[in-house]
Amino acid sequence: MDDQFYMMLAIKEAQHAQAMGEVPVGAVITDADGRVIGQGYNAPISTSDPTCHAEITAIRMAARSRKNYRLTGTTLYVTIEPCIMCMGAIIHSRIRRVVFGASDPKWGAVCSLYHMADDQRLNHCPEVVSGVCEEQTRKLMKHFFCSKRSR
């Protein structure tokens, strides 16, 4: 599979969030054949739902698509390193691979603050690929927060 191709789809999702004034995070989930079965973007402000992160929205869509809460054999592409909540959902849903763009030193639960993907005490440890389209994803976040601060 072409990780950059799918990350660009996740970046498009992040741009939807940004257009709504939300933190620009986007996610896409593919099945083993490379078909997109879930996608989403951050929308906790507009939905008044603190769980409405891009990853959670994409996981919900993919689970509905499969009619199964187990998403074995899938890959999650997300623009920013997932947080604790999202890593919990990734682990519970048994997503095989997590591919992300930029790390998140304030909230990251893959390799920044926490190392949930490597924690052998948990019942599932997804494969992780980081740094895919990192510059684009980092720029999206930086631009968003700089524009918020300048207001």
Side-chain angles (χ1 to χ4, degrees), residues 1-18 20 22-44 47 49-145:
M1 282 195 241
D2 182 0
D3 289 344
Q4 287 189 337
F5 173 80
Y6 294 108
M7 186 60 74
M8 292 307 295
L9 296 178
I11 288 170
K12 286 182 183 175
E13 291 294 317
Q15 291 167 336
H16 289 302
Q18 185 172 30
M20 295 173 53
E22 302 274 1
V23 176
V25 179
V28 170
I29 297 177
T30 61
D31 66 13
D33 295 323
R35 290 183 296 252
V36 174
I37 60 171
Q39 60 197 46
Y41 53 85
N42 268 18
T47 62
D49 179 354
T51 69
C52 200
H53 286 197
E55 300 95 322
I56 300 297
T57 301
I59 288 169
R60 287 175 178 156
M61 182 184 284
R64 280 193 306 272
S65 168
R66 278 201 165 174
K67 296 180 174 51
N68 192 335
Y69 72 106
R70 296 283 193 234
L71 298 175
T72 57
T74 61
T75 299
L76 168 71
Y77 296 89
V78 60
T79 54
I80 301 299
E81 179 182 0
C83 70
I84 296 168
M85 175 183 69
C86 293
M87 277 306 294
I90 289 163
I91 291 164
H92 281 293
S93 62
R94 308 297 195 277
I95 290 173
R96 184 177 69 80
R97 289 177 75 225
V98 176
V99 179
F100 69 88
S103 61
D104 185 348
K106 291 187 178 186
W107 289 97
V110 176
C111 58
S112 292
L113 283 180
Y114 301 97
H115 297 265
M116 291 177 70
D118 298 329
D119 193 332
Q120 297 299 313
R121 297 170 296 178
L122 300 171
N123 63 349
H124 175 68
C125 296
E127 175 189 335
V128 174
V129 177
S130 63
V132 175
C133 300
E134 181 175 8
E135 185 155 336
Q136 291 109 310
T137 59
R138 189 174 307 286
K139 279 183 182 177
L140 260 177
M141 293 296 275
K142 186 175 182 177
H143 179 288
F144 175 79
F145 285 110

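For reference, positions follow the sequence shown, starting with 1. As the structure is a prediction and not an experimental result, all values here were calculated from the model.
For the pair C133 and F100, the minimum side-chain heavy-atom distance is 4.5 Å or more. Between M61 and V28 there is no side-chain heavy-atom pair separated by less than 4.5 Å. Residues Y77 and L9 form no side-chain contact, since every pair of their non-hydrogen atoms from C-beta on lies 4.5 Å or further apart. Between M116 and I91, some side-chain heavy-atom pair lies under the 4.5 Å cut-off. Residues T57 and C52 are in side-chain contact: their nearest non-hydrogen atoms beyond the backbone lie under 4.5 Å apart.
Atom CE of residue M141 and atom CD1 of residue I80 lie 4.5 Å apart, to the nearest 0.5 angstrom.
Within a 6.0 Å sphere centred on CZ of F144, other residues, nucleotides and ligands contribute more than 12 heavy atoms. Under a cut-off of 6.0 angstrom, the local environment of NE2 in H115 is crowded, with over 12 non-hydrogen atoms contributed by other residues, nucleotides or ligands. Annotation for H92: atom NE2 does not count as buried by contact number, only 12 or fewer foreign heavy atoms lying within 6.0 Å.
Formation of a donor-acceptor pair under 3.5 Å by the Y6 side chain with backbone atoms of G34 is found in this model. In this structure, H124 contributes its side chain and I95 its backbone to a donor-acceptor pair below 3.5 Å. When atom types are taken as modelled, the side chain of N68 and the backbone of R70 share a donor-acceptor pair closer than 3.5 angstrom.
Salt bridge status for D104 with K106: absent, with no side-chain N to carboxylate O gap under 4.0 Å. Note on D31 versus R96: no salt bridge recorded, every NZ/NE/NH1/NH2 to OD/OE distance being 4.0 Å or above.
In summary, the side chains of E81 and S112 do present a donor paired with an acceptor at a separation below 3.5 Å, with no hydrogens or angles considered.
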